[in-house]
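None of these values were measured; they are calculated from a predicted model. We count residues from 1, following the sequence as given.
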Amino acid sequence: MTLRIGNASGFYGDRFDAMREMLTGGELDVLTGDYLAELTMLILGRDRLKDPGAGYARTFLRQLEECLGLAHERGVRIVTNAGGLNPAGLADAVRRLADRLGIPVRVAHVAGDDLTAAHPGSLAAHAYLGGFGITQCLRAGADVVVTGRVTDAALVTGPAAAHFGWSETEYDRLAGAVVAGHVLECGAQATGGNYAFFRDGDARRPGFPLAELHEDGSCVITKHPGTGGFVDIGTVTAQLLYETAGARYAGPDVTARLDTVRLSQDGPDRVRIEGVRGEAPPPTLKVGLNRLGGFRNEVVLVLTGLDIEAKAALVREQLEPALGKIADVRWELTRTDRPDAPTEETASALLRLVVRDPDQGAVGRALSGAAVELALASYPGFHMLAPPGKGSPYGVFEDVYVPHGSVDHVAVLHDGRRIPVPPAHDTAVLDAVPQPSLPRPPEPGPTRRAPLGLVAGARSGDKGGNANVGVWARTDDAWRWLAHELTADRFRELIPESRELTVVRHVLPNLRALNFVVEGILGAGVAAQHRFDPQAKALGEWLRSRHLEIPEALL
């Protein structure tokens with residue numbers, strides 16, 4: 001017995017026609033949509049400030065207007081976290097849409113994640129719920145299930161537990177579904193999108209992934225026939241490493257052991273995942289807190305030609321009087337210029353000024369006026385990419401943890417009944433896994449200085465203020481070298497931003513992978529825009545571009 005679960009959205013703003021593509025491209029039992037992220041919750045929170053009836057992903061409703069009839073005809077159930085901060089509101093909106101279209105569907109939703117009232121000062125505070133609220137809705141016959149903040153993998157574990165009749169303590173099976181859900185959650189990232197070795201296939205318009213789940217928790221990751229992109233061990237490995245850390249991948253239903261995952265190519269565009277072990281979940285639930293941190297503004301000044309450093313020093317000195325009372329001032333000089341450049345753009349460097357303060361006036365009009373007044377009175381060639389604005393609000397993300405029992409997890413069925421979802425039956429404190437033995441190092445031989453990316457892939461992302469960088473080798477010989485060469489100290493050497501930060505290395509031999517967590521590199525999270533790449537999306541590609549001594553046998 002196989003359950004075919006597909007995904008049609010990896011974020012709020014993903015490809016609009018993916019839902020139709022997934023419903024018409026092949027067989028499916030369940031179609032999921034992941035619309036939420038840390039930044040999305042802040043955006044929805046600001047929407048709700050303007051309109052208390054808002055707070056959900058409106059794109060989902062527009063997609064459903066085109067596709068609800070298709071899903072009903074094909075018997076495909078839809079499970080989505082597009083409810084955001086207002087799952088009940090979205091569920092009502094789906095019912096109204098179905099009535100208008102004349103389509104008889106049963107709509108349920110999951111409630112209980114909203115803890116904003118218990119965290120004064122937060123714009124949105126939501127617990128990451130597990131999948132068993134979804135399970136209750138589906139077991140009661142729901143055709144569409146809307147949730148708020150559940151874990152991304154819960155969109156798969158919930159339907160799997162409903163379909164196969166799993167209990168809350170069948171940890172190995174649940175862990176297998178968590179791994180499948182983690183691979184699916186980011187949509188086309190599992191089918192060649194954002195992939196280090198994108199030239200291995202046609203990555204122009206990747207299709208969306210699906211999992212063929214089995215009763216024992218194993219699965220095959222694939223995609224509909226004829227869709228773009230490709231699925232291989234590398235694309236699945238990359239997504240498995242994305243926004244994870246060590247061997248224990250904790251969730252509210254189960255802790256999945258990523259060090260037990262086994263991957264094998266099962267045919268063209270088919271990767272089998274098996275062997276996943278699970279453990280009892282930790283005793284607490286993660287709660288994501290979003291709050292407004294103040295106001296932010298920036299200006300990017302263009303410095304062209306000679307005397308770049310002196311020009312930067314002059315304009316900084318000229319602007320200092322306007323910046324003296326601002327709480328946080330950051331300057332960054334990016335030397336994109338080159339000598340004797342053939343174009344003006346390649347002869348120019350960028351000087352970026354970012355300011356933050358609780359007072360919008362301090363970073364708005366005062367800065368704008370000071371910068372614009374320098375137009376004819378500063379360094380030669382003075383101009384900006386754009387004038388500074390009036391200052392915009394920025395958000396701060398942090399996570400806290402609460403006991404399972406402090407959250408009222410409820411399945412609200414299509415007929416209005418409310419079914420409480422009990423907290424985890426058993427829990428286990430989340431201890432670190434002992435570091436596994438490394439493979440024996442390669443034999444000494446000639447080396448050549450070359451980019452790391454010639455022998456290793458990488459994918460990176462954000463978790464609050466931390467970044468993770470997963471790095472994997474594609475061959476056993478490359479893994480033997482990588483495991484010994486790319487230590488935490490070598491990582492700090494290659495990524496200078498991390499030298500004063502804590503960098504933790506996790507070793508995953510089954511995946512021939514290392515996962516690095518860089519603590520604090522993203523400041524207060526993506527909404528605070530602490531660095532040039534605020535979600536660390538390209539941090540892994542920067543690492544791959546760095547040069548080091550690589551055995552010639554691997555090149």
Side-chain angles (χ1 to χ4, degrees), residues 38 182 194 196 237-250 255 257-259 261 286 330 332 334 396-399 401 430-439 441 449-473 478-526 528-550:
E38 293 167 3
H182 182 61
N194 298 356
T237 298
Q239 181 56 28
L240 278 174
L241 296 173
Y242 182 65
E243 294 182 348
T244 60
R248 286 193 164 104
Y249 185 56
T255 294
R257 290 289 297 265
L258 298 183
D259 56 343
V261 175
K286 178 180 174 179
R330 295 174 185 269
E332 290 181 13
T334 305
V396 172
F397 176 87
E398 61 181 309
D399 48 37
Y401 293 85
L430 200 66
D431 292 326
V433 174
Q435 285 292 312
S437 300
L438 297 181
R449 193 161 182 82
L452 172 63
L454 295 183
V455 296
R459 177 167 286 166
S460 55
D462 63 315
K463 278 293 183 185
N466 300 340
N468 102 281
V469 185
V471 186
W472 76 95
W479 167 239
R480 289 168 55 205
W481 171 79
L482 183 71
H484 292 274
E485 176 65 23
L486 195 56
T487 62
D489 286 341
R490 181 55 57 87
F491 183 98
R492 290 190 192 91
E493 178 185 318
L494 296 172
I495 304 297
E497 281 183 81
S498 69
R499 287 178 185 171
E500 303 303 319
L501 303 174
T502 299
V503 177
V504 181
R505 183 179 100 145
H506 302 279
V507 181
L508 299 168
N510 278 12
L511 300 177
R512 294 191 298 228
L514 306 170
N515 217 350
F516 296 88
V517 178
V518 188
E519 297 180 6
I521 193 171
L522 303 181
V526 55
Q529 297 190 8
H530 180 74
R531 65 190 295 272
F532 169 70
D533 173 16
Q535 289 183 279
K537 296 292 189 182
L539 187 58
E541 285 302 292
W542 180 24
L543 178 66
R544 293 182 69 236
S545 74
R546 298 307 309 270
H547 289 221
L548 64 172
E549 293 294 329
I550 299 175

* Provide the full list of salt bridge (charged side-chain N to carboxylate O under 4.0 Å, His left out) pairs with a residue in residues 451-469, sequence neighbours left out, each pair given once. => none
* To do: Not counting sequence neighbours, list each pair that qualifies as a salt bridge (charged side-chain N to carboxylate O under 4.0 Å, His left out) and has a residue in residues 499-525.
  => D476-R512
Is the backbone of [Y] close enough, under 3.5 Å, to the side chain of [X] for a donor and an acceptor to pair up by distance?
X: D259; Y: L508; result: no
X: N510; Y: V261; result: yes
X: R248; Y: R257; result: no

First locate atom [atom1] of [X], then atom [atom2] of [Y], and finally report the distance between them rounded to the nearest 0.5 Å.
X: I495; Y: L501; atom1: CD1; atom2: CG; result: 11.5 Å
X: L258; Y: N515; atom1: CG; atom2: CG; result: 8.5 Å
X: N466; Y: F516; atom1: CG; atom2: CZ; result: 15.0 Å
X: F491; Y: L543; atom1: CZ; atom2: CG; result: 5.5 Å

Might you point out which heavy atoms bring [X] and [Y] nearest each other, and give the distance in Å?
X: A473; Y: L482; value: N-CD2, 4.0 Å
X: W472; Y: L511; value: CB-O, 4.1 Å
X: S498; Y: R492; value: OG-CA, 3.3 Å
X: N468; Y: T244; value: ND2-O, 3.2 Å

* Neighbour count >12 (heavy atoms, 6.0 Å) for atom CZ, F532 -> no
For residues 534-542, run the donor-acceptor check on the side chains, cut-off 3.5 Å, and write out each pair with its distance to 0.1 Å, sequence neighbours left out.
from, atom 1, to, atom 2, distance (Å)
K537, NZ, Y242, OH, 2.2
E541, OE1, R544, NH1, 3.1
E541, OE2, R544, NH1, 3.2

* H182: partners by ring pair (Phe, Tyr, Trp, His ring centres under 6.0 Å), with sequence neighbours left out -> Y249
* Asked: With sequence neighbours left out, what residues match E398 under salt bridge (Lys or Arg N to Asp or Glu O under 4.0 Å)?
  -> R291
* **Which residues share a salt bridge (Lys or Arg N to Asp or Glu O under 4.0 Å) with E485, sequence neighbours left out** => R490
* Start with the C-alpha distance between V503 and V517, add both sets of side-chain angles, then the distance that settles side chain to side chain contact (heavy atoms under 4.5 Å, CB included), and finish with yes or no. => CA-CA 6 Å; V503 177; V517 178; over 6 Å; no
